[in-house]
Amino acid sequence: MIRNILGSVVALAGAASAVLSPFRDWYGGRAGHDYRVADLFEGITPTESGVLVSILLPFLGAALLVVLGVVLRSRLVVALAGLVVLGFTILWMVRQGQAAGSLVVGGDGEGLQVGVVNALAGGVLMLIGALLMTGRRSRRERERKPVEPFAVPAADQVDTWPPTQEPGMSVQTSPWPEPEVDPYTGPDPRDARTRSYPQAVPHPEDDPRDPVHPPHPPPPPRQG
């Protein structure tokens, strides 16, 4: 989004520079709108031209292409406008060089002047704007939802793997089985303090403890 806005601003600035360039001097004190479009293909003549049939005409067309490309967010249309401005400017330079024998750059009003610089800069800015723009995304790309992969949990976080995305603690927090606690079997007969206590006689059918793992009976006391 930001790149589209930045590219559009640069391209529009290039279009403005290109449209204003024919109203400035191009060569030898002669403004750009004095050159006919036909002179670019038939040769430069001293005949003055009307504004609407001058070199301003292709530059206006290029500016309209830039506006259309910005609205449609089309990089191709904006780049085409830049190529039109550069193409007509370079063609004018070739014809002017043929008519004058050579092209010179001078500050006394006898060589290439600021109008040509404005036209070349406008075309270059249009191309830069097209490069900066990201263009429009296709319908398939707009409908495609980004898939975020599951992140591996940190070492200090309790969770199963792969993640279940369920709140709360994980069902299993350790790969090892939980230790079993030995059930209470009564007083220790080897202890002199509890030796006189009555011992419970286990009955398997009445034992509420685990029938699969019954407690071991205490060993008989050693005869003294």
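The residues of the chain are indexed from 1 along the displayed sequence.
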Which heavy atom of P58 sits nearest a heavy atom of V37, and at what distance?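 Shortest heavy-atom contact: CD-CG2, 3.9 Å.
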
Least distance between heavy atoms, T89 atom then A119 atom: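 Closest approach of T89 to A119: OG1-CB, 3.5 Å.
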
Apply side chain to side chain contact (heavy atoms under 4.5 Å, CB included) to the pair L72 and V77, showing each step before the final yes or no. CA-CA 9 Å; L72 299 178; V77 174; 5.5 Å; no

Polar side-chain atom of [X] near backbone of [Y] as donor-acceptor pair, under 3.5 Å:
{"X": "S17", "Y": "N118", "result": "yes"}
{"X": "R75", "Y": "A130", "result": "yes"}
{"X": "S8", "Y": "N4", "result": "yes"}

How about [X] and [Y]: do any of their side-chain heavy atoms sit closer than 4.5 Å?
{"X": "Y27", "Y": "Q113", "value": "no"}
{"X": "D39", "Y": "R95", "value": "no"}
{"X": "L60", "Y": "V19", "value": "yes"}
{"X": "V78", "Y": "L127", "value": "no"}
{"X": "R24", "Y": "V117", "value": "no"}
{"X": "S21", "Y": "V116", "value": "no"}
{"X": "L57", "Y": "L52", "value": "no"}
{"X": "I55", "Y": "W26", "value": "yes"}

Within this structure, what is the [atom1]-[atom2] distance for the pair [X] and [Y], rounded to the nearest 0.5 Å?
{"X": "I90", "Y": "L120", "atom1": "CD1", "atom2": "CG", "value": "7.0 Å"}
{"X": "I2", "Y": "L132", "atom1": "CD1", "atom2": "CG", "value": "12.5 Å"}
{"X": "W92", "Y": "Y35", "atom1": "CH2", "atom2": "OH", "value": "5.0 Å"}
{"X": "I44", "Y": "Q96", "atom1": "CD1", "atom2": "CD", "value": "5.5 Å"}
{"X": "L64", "Y": "L68", "atom1": "CG", "atom2": "CG", "value": "8.5 Å"}
{"X": "L56", "Y": "D34", "atom1": "CG", "atom2": "CG", "value": "11.5 Å"}

Would you please test V67 and L12 for side chain to side chain contact (heavy atoms under 4.5 Å, CB included) and show each step? CA-CA 7 Å; V67 174; L12 291 174; 4.3 Å; yes

Side-chain heavy atoms under 4.5 angstrom apart, residues restricted to Ile, Leu, Val, Met, Phe, Trp, Tyr: same cluster for [X] and [Y]?
{"X": "L83", "Y": "V10", "result": "yes"}
{"X": "L80", "Y": "L131", "result": "no"}
{"X": "L20", "Y": "V84", "result": "no"}
{"X": "L125", "Y": "V85", "result": "yes"}

In terms of the angle between their ring planes, are F23 and H33 parallel, tilted or perpendicular, with boundaries placed at 30° and 60°?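 F23 and H33: tilted rings.
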
